[in-house]
Amino acid sequence: MKNKNLWVFGIIILVLCFGAGILIRHSNENEKKDIIPTVNKLRGIADLATIETTYHNVAKYDNPGTAFLFLKNNKKLWIEYEGTVKIGTDISQLQMEMDGNKIKVTMPHSKILRKGISINADSLDKDHYYSDKEGLFVSDITFEDEKKAYSKANESMKKETKKNTILFVQADERAKELIENYIKNIEKVNNKKYNVSFEYTDD
């Protein structure tokens, strides 16, 4: 009888251990994993911080040419246009380091983005062109003349944008704010507090 009781007791212990093992495994499987910030995610967020500024201006091309005796050879081309300049972070240079609850974001200051200057094609129609020729030996306005006018327009927009330094400050702040909001959302999900710092590589 004593041996039988020991055998039953042993079976109960085994069942309890087996059940406890299942519960522990189930608990581990259902345990919520922390969301880890990634540099690619931060780059995508910083890319959204781009600021656009629009210009309405006139591109001028004036070629005085050469003079023959007392006759002038001159041609002018004026093009009224709308252009856009994009300012933002070079996301390829953005880096992130994470050590425990410390997150360090390293990135350059905002600048005019590569291919960030463009002229609105819809604004270029015959009603926005003005050309004039003076002289007997002046050729018609060519595609090369138009390219030179567009080049001057691009340089003008670039120069004007660089003068407006507040745009670059706003782009920096916008990128920083979006990244901080992303980290705050992760804090809520993970129920953790992160210490985020920023460093600019071109300071």
Side-chain angles (χ1 to χ4, degrees), residues 39-95 105-179 181-182 198-203:
V39 67
N40 286 335
K41 186 66 176 180
L42 294 188
R43 287 174 177 174
I45 291 171
D47 196 32
L48 297 175
T50 301
I51 288 179
E52 292 187 7
T53 181
T54 303
Y55 292 91
H56 188 100
N57 211 335
V58 176
K60 300 178 182 180
Y61 172 66
D62 188 357
N63 183 1
T66 58
F68 179 72
L69 297 178
F70 299 102
L71 299 176
K72 292 183 178 180
N73 293 307
N74 187 28
K75 60 181 176 180
K76 297 179 180 180
L77 172 64
W78 291 11
I79 304 176
E80 186 180 359
Y81 68 92
E82 289 182 0
T84 301
V85 179
K86 294 182 179 180
I87 301 169
T89 303
D90 182 357
I91 60 174
S92 66
Q93 300 298 316
L94 189 150
Q95 300 295 333
V105 180
T106 305
M107 60 185 184
H109 282 294
S110 297
K111 63 179 183 178
I112 297 175
L113 297 175
R114 184 173 176 267
K115 297 182 179 180
I117 301 177
S118 61
I119 295 177
N120 183 1
D122 293 336
S123 71
L124 300 177
D125 55 43
K126 62 181 180 179
D127 294 331
H128 293 79
Y129 279 75
Y130 169 77
S131 61
D132 184 35
K133 296 189 296 181
E134 180 182 8
L136 297 176
F137 307 103
V138 182
S139 61
D140 291 332
I141 299 296
T142 65
F143 177 68
E144 288 301 318
D145 294 331
E146 293 183 4
K147 282 178 61 178
K148 290 177 181 178
Y150 294 150
S151 177
K152 285 190 175 182
N154 284 340
E155 286 301 318
S156 176
M157 288 191 291
K158 184 176 181 180
K159 186 177 180 180
E160 290 300 314
T161 301
K162 285 185 174 181
K163 287 180 182 179
N164 195 354
T165 56
I166 189 64
L167 292 174
F168 299 90
V169 175
Q170 289 174 345
D172 281 350
E173 290 298 319
R174 181 173 168 79
K176 182 179 177 182
E177 181 181 359
L178 290 178
I179 291 173
N181 288 339
Y182 166 65
F198 292 85
E199 182 177 300
Y200 291 97
T201 56
D202 43 4
D203 271 343

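No hydrogens, no waters, no symmetry mates; every other heavy atom, side chains included, goes into these values. Everything numeric here is computed off the predicted structure, so don't read it as measured data. Numbering starts at 1 and runs along the sequence shown.
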Salt bridge (charged side-chain N to carboxylate O under 4.0 Å, His left out) evaluation trace for Glu173 with Lys176: CA-CA 5 Å; Glu173 290 298 319; Lys176 182 179 177 182; 5.2 Å; no

Stepwise side chain to side chain contact (heavy atoms under 4.5 Å, CB included) test for Ile119 and Met157: CA-CA 10 Å; Ile119 295 177; Met157 288 191 291; 4.2 Å; yes

To the nearest 0.5 angstrom, please state how far the [atom1] atom of [X] sits from the [atom2] atom of [Y].
X      : Y      : atom1 : atom2 : value
Asn154 : Lys159 : CG    : NZ    : 14.5 Å
Met107 : Ile179 : CE    : CD1   : 5.0 Å
Thr50  : Leu48  : OG1   : CG    : 7.5 Å
Arg114 : Lys86  : CZ    : NZ    : 13.5 Å
Asn57  : Glu82  : CG    : CD    : 11.0 Å
Thr53  : Glu160 : OG1   : CD    : 10.0 Å

Nearest heavy-atom neighbours spanning Val85 and Tyr55: CG2-CE1, 3.8 Å

Contact summary for Ala171 and Ser110, nearest pair of heavy atoms: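 That closest heavy-atom pairing would be CB-OG, 3.3 Å.
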
Side chains of Phe168 and Ile112 in contact at under 4.5 Å (non-hydrogen atoms): yes

Among Ile91, Leu94, Leu178, the one residue meeting side-chain contact (heavy atoms from CB on, under 4.5 Å) with Asp47: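 Running side-chain contact (heavy atoms from CB on, under 4.5 Å) over Ile91, Leu94, Leu178 with Asp47 returns exactly one hit, Ile91.
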
Residue from Asn164, Asp172, Thr161, Leu113 passing side-chain contact (heavy atoms from CB on, under 4.5 Å) with Ile87: Thr161

Salt bridge Glu177-Arg174, side-chain N to carboxylate O under 4.0 Å: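 No, Glu177 and Arg174 are not salt-bridged.
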
